[in-house]
Protein chains: 2
Amino acid sequence: MGRIAQRTYHHGDLRRTIIDAALAATGEVGPTGWSLRELARRAGVSHAAPAHHFGDKTGLLTAVAAEGFALFADALEAAAGEPVEVGLAYIRFAIDHRSHFEVMFRPELYRMDDESMRPARERAAAALAASAGALSPDPERVRATTIAAWSFAHGFAELWLSGSLPESADGDPEFLARSVIGVLFDRDGEADR
Amino acid sequence: MGRIAQRTYHHGDLRRTIIDAALAATGEVGPTGWSLRELARRAGVSHAAPAHHFGDKTGLLTAVAAEGFALFADALEAAAGEPVEVGLAYIRFAIDHRSHFEVMFRPELYRMDDESMRPARERAAAALAASAGALSPDPERVRATTIAAWSFAHGFAELWLSGSLPESADGDPEFLARSVIGVLFDRDGEADR
DNA sequence: CTTGAATCTTGTCAATGGCAAGATAGGGTG
DNA sequence: CACCCTATCTTGCCATTGACAAGATTCAAG
């Protein structure tokens, strides 16, 4: 929040402030653990102010998901189709942008068919498919490889976030993921790193 | 519900009835889309009746998660350590017991440290680790293999349930999973089935 | 300066989770 | 059989919530 809350009638950037509050609250109690009114109080505005920008609670979560997919696509594209790097970028995004991620793959929380959702979703899907294409030369297998790699990255991220992996408490997720991938790609030799 | 709701003061099996109602409602609107009072209405009891059996909403979700992990452990153990079959059992469980699964890996919804939770959780973890042990002869790699296989199965299940896989609409998840696994284990030949 | 539109507030309503106090039933003990 | 005692369920209540309606304030365009 760059500018101090000036207590003016017009907030100035309420939309962004509420989204940030939603992200912060989601990080603390999950995407269904907070109330719109609570976010409004944190932002120092009346309980009905958010409705003007998002319509309803679902609208706010839709905005969070849309922003999440845009950031997600950026992160995947930055890995430039390098299969392993894309997978690691996937996992890194889930952990670094946990609040976004926790909303994105819970379609019952928002309006997946919203206009604002499609472009970023498609960009992300394309980045994933491209990296799997680079992994397997056989076009027949690209589909299966995409699903396999996507499932691994997604599952690792979800398990880590849910605290199911014993290492979740202390370790470094990217280091662990890299070592696991190393074993996968090196079936007979020893795991590197 | 074997017995007809007799409209007696004592319900007879309210605990089970409420859990079943929670599972049904979760299947329709997710684990946070229903209210305790709604479940009570469905069961034909007063709005405060469930509290006696579960304490609060979190208590009910804890009961659902505990039951889920018990069924989950049963399903994994039935696959008898056959690595691929355990993975498929994992995915099949997630889809056949979707409502349980959606609660189990969302720790913020229930009390993971509850006494009723531990035994089943440990059984499930043991079944997973055993199958990974069978997969790799090298004990150094069992840990990495466990995480890799677990991540894949979990990610596939989550993506399928969230509707993220294009095939989610119509196809058969087990068939798809089997074919993807086929490709993974057969890097140079052709995918069987 | 005026006017219209965007933004925010205040007030209200039904629904919710949780608690407290009371009603009912069923089982065990004498 | 009479009694009580405890588990079970009900009724009543309160603060909080999401959603909506109506009004207030500010800003910007002309």
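Just so it is clear: chains get the letters A, B, ... in the order the sequence lines come, proteins before strands, and each one is counted from 1.
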Just the rounded figure in Å: distance from P of D:dT25 to CG of A:Leu14. 19 Å
For A:Phe54 and D:dA19, give me the distance from atom CZ to atom P, rounded to whole Å. 13 Å
Using a cut-off of 4.0 Å on non-hydrogen atoms, how would the nucleic acid contact of B:His47 be classed: base, sugar-phosphate, or nothing? base
Does the ring center of B:Phe105 lie less than 6.0 Å from the ring center of B:His154? yes
Whole-Å distance separating the CG atom of B:Asp13 from the C1' atom of D:dT8: 13 Å
D:dA19 C1' sits how many Å from A:Leu36 CG, rounded? 10 Å
Is any NZ, NE, NH1 or NH2 atom of the basic residue among A:Glu67 and A:Arg16 found under 4.0 Å from an Asp or Glu carboxylate oxygen of the other? yes
Cluster overlap B:Met112 with A:Leu165, hydrophobic side-chain contacts below 4.5 Å: yes
Between atom CG in B:Asp56 and atom C1' in C:dC19, what is the gap in whole Å? 12 Å
When rounded to whole Å, the NE2 to C1' distance for the pair B:His53 and D:dT10 reads 13 Å
Below 4.0 Å: OP1/OP2 of C:dT7 and any side-chain N or O of A:His52: yes
Need one value for A:Arg41: base, sugar-phosphate or nothing, where a base atom within 4.0 Å counts as base even if backbone is also close, heavy atoms only. sugar-phosphate
For B:Glu38 and C:dG18, what is the distance between atoms CD and P respectively, to the nearest whole Å? 15 Å
Verify whether the ring centers belonging to A:Tyr90 and A:Phe72 lie closer than 6.0 Å. yes
From the set D:dC20, D:dG18, D:dC9, return the single nucleotide nearest to any side-chain atom of A:Ala48. D:dC20
Side chain of A:Lys57 - closest among D:dA19, D:dA21, D:dT10: D:dA19
Taking CG from A:Leu61 and C1' from D:dA19, how many angstroms apart are they, rounded to a whole number? 15 Å
Between D:dT16 and A:Ser35, is there an OP1 or OP2 to side-chain N/O distance shorter than 4.0 Å? no
If you check every side-chain atom of B:Ala49, which of D:dT10, C:dG18, C:dC8 has the closest atom? D:dT10
Among D:dG18, C:dT10, D:dC13, find the nucleotide with the atom closest to the side chain of B:Arg37. D:dC13
Quick check: A:His97 with A:Phe101 (ring centres under 6.0 Å apart)? no
